[in-house]
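Here the structure comes first, spelled out in structure tokens, and everything after it is commentary.
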Amino acid sequence: MAEKKSSIWTPANVVTSIRVVFVPIWLVAAEVCGSGDGKAFSGAALFVALFYMVLSLTDKLDGYLARSRNEVTTFGKFLDPIADKLVVIVSLCFLLEQGAVSAWVLLIIVAREFLVSGLRMVVASEGTVIAASNLGKWKTATTMVSISGLLLVRALPAGPLYTVLLGISNVLLIIAVVLTAWSGIDYFMKSWRYIADAD
């Protein structure tokens with residue numbers, strides 16, 4: 001056991017760290033060439049969308065590596081959710097800037113993260129850990145898929161494919177917002193007895 005804890009730089013943690021480092025690089029690429037003009041196919045915007053998809057998929061990769069190698073570390077537990085939040089919030093800020101999403105979407109997602117982070121600190125101070133529910137996993141997955149679709153749309157010219165993909169992406173984003181709010185409420189309900197007894 002001691003040997004496994006001798007270094008925080010497990011393959012899973014390396015992948016997570018790379019994801020964090022590449023988030024601002026992705027944002028620069030998106031700002032420079034991710035807009036598209038809606039009149040013709042944009043290879044640059046397609047690159048930005050594919051870049052984002054790779055960043056999103058690394059979340060599955062680092063989780064698989066940590067579990068399959070039995071190398072779940074405290075550093076990984078700390079950094080992985082931060083990386084996920086950066087990937088989602090930074091991309092939504094870009095899409096908000098481009099007028100592709102509503103400010104309400106970003107507000108609900110960020111508010112939920114503040115709420116859950118605060119609740120986790122209170123619950124942890126009581127010596128309790130509330131296990132993450134599947135709602136949180138579905139929320140993250142649906143959000144990333146919808147964002148991928150909205151970014152991919154920016155590479156396409158107006159037409160049937162554009163319209164269909166935009167519609168699907170917006171529906172998935174609505175579902176993601178509902179799951180975000182639901183998972184926040186679910187966590188609040190599970191935490192309530194610890195908050196009520198915290199004094």
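Here the closest non-hydrogen pair linking Val88 and Tyr52 is CA-OH, 4.3 Å. Nearest approach of Tyr162 to Leu156, heavy atoms of both residues: CD1-O, 3.7 Å. The two residues Gly136 and Ser183 come nearest to each other via the heavy atoms N-CB, 4.3 Å. Nearest heavy atom pair, residue Ser146 against residue Ser169, reads CB-O, 3.5 Å.
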With a cut-off of 3.5 Å and sequence neighbours excluded, list every side-chain donor-acceptor pair involving residues 17-29.
unit_1	atom_1	unit_2	atom_2	d
Ser17	OG	Asn13	O	2.8
Arg19	NH1	Thr58	OG1	3.4
Arg19	NH1	Asp62	OD2	2.6
Arg19	NH2	Asp62	OD2	3.3
Arg19	NH2	Asp80	OD1	2.8
Arg19	NH2	Asp84	OD1	3.0
Trp26	NE1	Val48	O	3.0

### Task
Take Lys139 and Val178, measure what side chain to side chain contact (heavy atoms under 4.5 Å, CB included) needs, and give me the verdict at the end.
CA-CA 8 Å; Lys139 175 263 301 182; Val178 171; over 6 Å; no
### Message
As a quick check of understanding, evaluate side chain to side chain contact (heavy atoms under 4.5 Å, CB included) for Thr180 and Thr142, giving each step before the final call.
### Response
CA-CA 10 Å; Thr180 296; Thr142 308; over 6 Å; no
### Message
As a quick check of understanding, evaluate side chain to side chain contact (heavy atoms under 4.5 Å, CB included) for Leu165 and Leu150, giving each step before the final call.
### Response
CA-CA 8 Å; Leu165 183 58; Leu150 291 172; over 6 Å; no
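One hydrophobic cluster holds both Val116 and Trp192 under the rule that ILVMFWY side chains link at heavy-atom gaps under 4.5 Å. Under the 4.5 Å side-chain heavy-atom criterion for ILVMFWY residues, a single connected hydrophobic cluster contains both Val101 and Val110. Both Ile8 and Val14 are members of a single hydrophobic cluster when ILVMFWY side chains are connected at heavy-atom separations under 4.5 Å. Cluster annotation: Leu179 is not connected to Phe114 through the hydrophobic network of ILVMFWY side chains, with a link wherever side-chain heavy atoms come within less than 4.5 Å. Note: the hydrophobic cluster containing Leu172 does not contain Met144 (ILVMFWY, side chain heavy atoms under 4.5 Å, direct or indirect links).
Residues Phe94 and Leu151 meet the side-chain proximity criterion, which asks for heavy atoms closer than 4.5 Å. Contact annotation: the side chain of Leu50 never approaches that of Phe47 to less than 4.5 Å [non-hydrogen atoms, C-beta and beyond]. A 4.5 Å side-chain heavy-atom check between Ile147 and Leu95 finds at least one atom pair inside the cut-off.
To the nearest 0.5 Å, the span separating CG on Leu119 from OH on Tyr187 amounts to 6.5 Å. A distance of 10.5 Å separates CH2 of Trp138 from CD1 of Ile175, quoted to the nearest 0.5 Å. Rounding to the nearest 0.5 angstrom, the gap separating the CG atom in Leu96 from the OG atom in Ser91 is 11.0 Å. Distance OG/Ser148 to CG/Leu57: 7.5 Å, rounded to 0.5 Å. Atom CD1 in Ile82 sits 11.0 Å away from atom OG1 in Thr16 (nearest 0.5 Å). Atom CD of Gln98 sits about 6.5 Å away from atom CD of Glu31, to the nearest 0.5 Å.
Salt bridge Glu113/Arg120: absent, no basic N to carboxylate O contact under 4.0 Å.
Side chains of Arg154 and Ser42: a donor-acceptor N/O pair is absent below 3.5 angstrom, by distance only.
Among pairs with a residue in residues 88-107, none fulfils salt bridge (Lys or Arg N to Asp or Glu O under 4.0 Å), at least two apart in sequence or across chains.
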